[in-house]
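Have a look at this one before I ask anything.
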Amino acid sequence: MTSTVTSTGTATATGARIGIDVGGTFTDLVASVPERGLVVHHKEPSTPADPSLAVADGLAALLVRADLRPGEVTGLVHGTTIGLNAVIQRRGARIALVVTEGYRDILEIGRSRMPSSFDLYAGKEEPLVPRNLIVEISARLGPGGEPVAEPDAAELDRVAARLRATGADAAAVVILHGYTDPAFEEGVAAALRERLPSLPVTASATVWPEVREYERALVACMNAYIQPLMRDYFARLESRVRGLGVSAPIFISASNGGSMSLRSAAERPVETVLSGPAAGVAAAARLGAGAIVTFDMGGTSSDIAVSVDGSPELATHTTVGGLPLIVPVVAVHAIGAGGGSVIRVDGQGVLKVGPGSAGADPGPAAYGRGGDRPTVTDCYLATGLIDPRTFLGGRMPLDAGASLKALSGVAAHLASGGERGGHASGDVAGPDGAGDDVAGPGEAGGEVAAYRVAASALRVATAGMATELQKIMAQRGLDPRRFALVPFGGAGPTHAAMLAEEVGIAHILVPPTAATFCALGAAGADLRRDFARSLRRPLDATSATRLAGVLAELSAQAREWLAEQNGEARLRGRLSFAADMRYSGQAYELRVALVPDRLDVEAVSEAFHAEHERLYGFRDRSATIELGTARLGVVGPVAELPPAAVPPGTGAPRPTARRRVLLAGAWHDAHVHLRESLGVGDAFDGPAIVEQDDTTVVVPPGWSADVDEAGNLHLRRPDGAQNPRRKA
């Protein structure tokens, strides 16, 4: 475990706000202490069996490091992937589903699409609720919100009895057209709760009242599926935090980049499934770097997101564990391996990276915890990109010999495949210049073969990441060369230049706290929640009045929610208004920002026409406009993180050491700089290594680096052109 203390600017608030991000390998914690001008960072090895243990141990160490008394903590914001992992691994609760008669197969049928159009053997995702745990009820609404059928007391008794007989831990209720009148569906759920007091019952329309029964049913089922697990975890978390004497409110990071109270998260855990990555993206968007691509590379995976002009891209349709999710989330895309991803040889003799991970225990071979499988981290070590003596500030020395031994095993496996072993061949010699004509792991050339495997594995991992990044950017009509890359996570700054060279990005911005950036983002996360209500009607004077009425209702709900967030809503919230609209007959809707005091039919129509013309180059005034879903977002500003106070530099910093590193298929003598010794205006050229106690920044040959007033390290390639394909 490791900790750092960073000096910051003038105090603007009192007390400390702590952000926590639980990862697969490490749990990151950040304390922002504005009145002292400090930001304190700490990394604690994760405890996958019970993540709250690492949170408690890390929090205790952070309080000591920051010289904070428990009573000085004013807020604690925690990001977690427990719910996400439960859905992906299908480790959630046993749940039942109550649906309108005739819709028992809603989850089985789904959208009637093949998982893979060209794979005749592809199997569909198993539904969260088996068919034998689905109970029908006569309740039903019409498309205009009028009740078509209402269950009486006797039927509710029968449904409750059937739910009890299923032995379910939780249940969800989905009534046809329930989005038109959420109170109707909530009434059914409340009647079932009254009959089954110990059974948590989720009403789909109160979680997310948007049209599309299948997706709405999935949101409700996913909420019910992870709710018992999340409530148990939140109870343990609160108990351990209170056991340390911290009485401050606990908040949970939300998938939309904001945060919510512990109580709200327990009621609506589905809104937290992508909370960890979202916090880092939100923090990166505040850097003021314009158009950026964030690159979050941790121990298990790598994720990217796009932000333009300080606003992270939000998505209302994403996929979790193969299932569609329609609640608003920061659009984070998994693109590849993490530092713990295992290097292996597949059945065809091809070198592969991941998707398996060594995790926190036993971890990479270099960790010396019993793991013998080589990982990306072992490749960094073998190629000299990280120093085994200074990893995590020297508090967790690595075993370079174990890395080379594990990589030599892969080399031997490749060699035994004859010609197939050529996938890791190349002209890479050892750091001392030894030849590579001998590849046997037990001979002098064994280590040389290990270097070749390490270089090839990093190239394989980079190529996979680049392919996914370019695909995602192309789908949005964006050119990655016009964006800056913002890496964070423990491995992000180490791998960033490799990825940038592969896709042609010429500017990399590495924030001072890159390794704990998601935790920093959580510490500064505002309260935020999104509301929606589907209307599904042509736009005319009557529906425009209805739109205004719905947005007024959502505004009242938003203010009420903000007032419930443990007193943090003393600050006035900001509301944003929008609606999904389309020309009649179009397959997809456009989200159009609206002005709350201009919701008449003429103003709403013009807003849609203008947005359609901006995107597609034309407007059709003769076509009927259809209103889809009214949307409202509320943001309650909570805390401003203090800016870093970085001392002036000399302009040409002196390196503290030199070491041999393997970059672009060749060994180089790289200068080594310590991040804490760099000041504003310092600049140097690659090849260079910048060491922090929790990550390492690689500056390849042909790149330059400089430090700005906020302490951000900028890496630039002057020509801005994509480098020719590197040798491995």
Inset, instruction - Verify, without hydrogens or angle tests, whether S46 (side chain) and F26 (backbone) share a donor-acceptor contact under 3.5 angstrom. - result: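 Checking the backbone N and O of F26 against the side chain of S46, a donor-acceptor pair under 3.5 Å is found.
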
Legend entry - Min side-chain heavy-atom separation N712-P512 under 4.5 Å: yes

Legend entry - Option from V699, V698, I386 for which side chain to side chain contact (heavy atoms under 4.5 Å, CB included) with I689 holds: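 Considering V699, V698, I386, a side chain to side chain contact (heavy atoms under 4.5 Å, CB included) with I689 is found only for V698.
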
Legend entry - Main-chain N/O of G338 paired to S301 side chain as donor or acceptor, under 3.5 Å: no

Inset, instruction - Kindly compute the distance separating CD1 (I335) from OG1 (T467), expressed to the nearest 0.5 Å. - result: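 It comes to 10.0 Å.
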
Inset, instruction - Just jot down the side chain to side chain contact (heavy atoms under 4.5 Å, CB included) partners of P653, sequence neighbours excluded, or say none. - result: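 With sequence neighbours excluded, P653 shows a side chain to side chain contact (heavy atoms under 4.5 Å, CB included) to H673, L678, D682, F684, given in chain and number order.
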
Legend entry - E691 side chain to T696 side chain, donor-acceptor N/O pair below 3.5 angstrom: no

Legend entry - Residues in side chain to side chain contact (heavy atoms under 4.5 Å, CB included) contact with P312, at least two apart in sequence or another chain: V281, A285, S307, V330

Inset, instruction - Find out whether L485 and L509 are in side-chain contact, i.e. whether some heavy atom of one side chain is under 4.5 Å from a heavy atom of the other. - result: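 When only atoms from C-beta onward are counted, L509 and L485 do not touch, as no gap falls below 4.5 Å.
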
Legend entry - Min side-chain heavy-atom separation V273-I226 under 4.5 Å: yes

Inset, instruction - Find out whether T383 and V661 are in side-chain contact, i.e. whether some heavy atom of one side chain is under 4.5 Å from a heavy atom of the other. - result: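 A side-chain contact is absent here, since even the closest heavy-atom pair is not under 4.5 Å.
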
Inset, instruction - Could you list the residues that satisfy side chain to side chain donor-acceptor pair (under 3.5 Å) with R91, not counting sequence neighbours? - result: Q89

Legend entry - Test side chain to side chain contact (heavy atoms under 4.5 Å, CB included) applied to R481 and I505, step by step: CA-CA 5 Å; R481 293 173 297 181; I505 290 177; 5.8 Å; no

Inset, instruction - Only pairs at least two apart or in different chains count here, so list each side-chain hydrogen bond (donor to acceptor under 3.5 Å, both in side chains) that has a residue in residues 487-496. - result: Y380-H495, T462-H495

Inset, instruction - Can you tell me which residue pairs pass the salt bridge (Lys or Arg N to Asp or Glu O under 4.0 Å) test with a partner in residues 504-523, sequence neighbours excluded? - result: none

Legend entry - Spacing of CG belonging to L323 relative to OG1 belonging to T319, to within rounding of 0.5 Å: 8.5 Å

Legend entry - Least distance between heavy atoms, I18 atom then A523 atom: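 Smallest interatomic distance, heavy atoms only, reads C-CB, 4.2 Å.
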
Inset, instruction - Work out which heavy atom in L407 is nearest to a heavy atom in A382; give both atom names and the distance. - result: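 In terms of heavy atoms, the two residues are closest at CD1-CB, 3.6 Å.
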
Inset, instruction - Answer yes or no: is there an ion pair linking D28 with K43, defined by an N-O contact shorter than 4.0 Å? - result: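 Yes, this pair counts.
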
Inset, instruction - Can you establish whether the number of heavy atoms outside R658 located under 6.0 Å from its atom CZ is more than 12? - result: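 More than 12 heavy atoms, drawn from other residues, nucleotides or ligands, come within 6.0 Å of this atom.
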
Inset, instruction - Drop me the distance from D685's CG to R716's CZ, to the nearest 0.5 angstrom. - result: 12.5 Å

Legend entry - Minimal non-hydrogen separation, P51 against V22, with atom names: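 Residues P51 and V22, closest heavy atoms: CB-CG1, 4.0 Å.
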
Legend entry - Steps toward side chain to side chain contact (heavy atoms under 4.5 Å, CB included) verdict (L469, V293): CA-CA 9 Å; L469 188 154; V293 176; 4.2 Å; yes

Legend entry - Minimum-distance pair of heavy atoms, taken over all atoms of I292 and A284: CD1-O, 3.6 Å

Inset, instruction - Examine the side chains of H41 and T516 and answer whether a donor and an acceptor come within less than 3.5 Å of each other. - result: yes

Legend entry - Worked check of side chain to side chain contact (heavy atoms under 4.5 Å, CB included) between S341 and V376: CA-CA 6 Å; S341 294; V376 171; 4.3 Å; yes

Legend entry - Partner residues of F483 under the ring pair (Phe, Tyr, Trp, His ring centres under 6.0 Å) criterion, sequence neighbours left out: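 Ring pair (Phe, Tyr, Trp, His ring centres under 6.0 Å) check on F483 returns nothing, list empty.
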
Inset, instruction - Measure the spacing between OG1 of T27 and CG of L62 and express it to the nearest 0.5 Å. - result: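 With rounding to 0.5 Å, OG1 (T27) is 12.5 Å from CG (L62).
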
Inset, instruction - Taking S408 for its side chain and A450 for its backbone only, find out whether a donor-acceptor pair lies under 3.5 Å. - result: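 The answer is no, because no donor-acceptor pair under 3.5 Å joins these two groups.
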
Inset, instruction - Enter the distance from L59:CG to E44:CD here, rounded to the nearest 0.5 Å. - result: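 The distance works out to 10.5 Å.
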
Inset, instruction - Determine, step by step, whether V40 and V30 satisfy the side chain to side chain contact (heavy atoms under 4.5 Å, CB included) criterion, reporting the C-alpha distance in whole Å, the side-chain angles of both residues, the deciding distance to 0.1 Å, and the verdict. - result: CA-CA 6 Å; V40 184; V30 172; over 6 Å; no

Legend entry - For S255, all residues meeting side chain to side chain donor-acceptor pair (under 3.5 Å), sequence neighbours excluded: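 With neighbours one apart ignored, the set is empty.
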
Inset, instruction - Please identify each residue that fulfils ring pair (Phe, Tyr, Trp, His ring centres under 6.0 Å) with H333, with sequence neighbours left out. - result: none

Legend entry - Residues forming a ring pair (Phe, Tyr, Trp, His ring centres under 6.0 Å) with H714, sequence neighbours excluded: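 Applying ring pair (Phe, Tyr, Trp, His ring centres under 6.0 Å) to H714 gives H507.
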
Inset, instruction - Measure the spacing between OG1 of T695 and CZ of F517 and express it to the nearest 0.5 Å. - result: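 It is 13.0 Å, given to the nearest 0.5 Å.
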
Inset, instruction - Please identify each residue that fulfils salt bridge (charged side-chain N to carboxylate O under 4.0 Å, His left out) with D50, with sequence neighbours left out. - result: R236, R240

Inset, instruction - Kindly say whether L385 contributes a backbone atom to a donor-acceptor pair with the side chain of R659 at under 3.5 angstrom? - result: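 Looks like yes, one N/O pair under 3.5 Å.
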
Legend entry - Note, F488 side chain near T294 side chain (heavy atom, < 4.5 Å):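 Yes, close enough: below the 4.5 Å cut-off.
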
Show me the donor-acceptor pairs within less than 3.5 Å that the side chains of residues 396-404 make with the rest of the protein, sequence neighbours left out.
| residue | atom | partner | partner atom | Å |
| --- | --- | --- | --- | --- |
| D399 | OD1 | G401 | N | 3.1 |
| D399 | OD1 | A402 | N | 3.1 |
| S403 | OG | D378 | OD1 | 2.5 |

Legend entry - Where G489 and D296 come nearest, the two heavy atoms and their spacing: CA-OD1, 3.9 Å

Inset, instruction - Answer whether the closest heavy-atom distance between the side chains of V410 and L351 falls below 4.5 Å. - result: yes

Inset, instruction - Check whether the ring centres of H78 and Y233 lie less than 6.0 Å apart, and answer yes or no. - result: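 Aromatic pair counts; centres sit under 6.0 Å.
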
Legend entry - Side chain S302, main chain A337, donor-acceptor under 3.5 Å: yes

Inset, instruction - Please confirm whether the backbone N or O of V697 pairs with a side-chain atom of Q692, one donor and one acceptor, at under 3.5 Å? - result: no

Inset, instruction - Of all the heavy-atom pairs spanning G349 and L414, show the shortest one and how long it is. - result: O-CD2, 3.6 Å

Legend entry - Side-chain (S275) to main-chain (T272) donor-acceptor, under 3.5 angstrom: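 Judged by distance alone, yes, a pair lies under 3.5 Å.
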
Legend entry - Side-chain heavy-atom pair M473, D479 within 4.5 angstrom cut-off: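 Counting from C-beta outward, M473 and D479 never come under 4.5 Å.
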
Inset, instruction - Kindly write out the residues that satisfy salt bridge (charged side-chain N to carboxylate O under 4.0 Å, His left out) with E468, not counting sequence neighbours, or none if the list is empty. - result: K471

Inset, instruction - Check whether any side-chain heavy atom of I304 sits under 4.5 Å from a side-chain heavy atom of M465, and report yes or no. - result: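 No. Closest side-chain heavy atoms not under 4.5 Å.
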
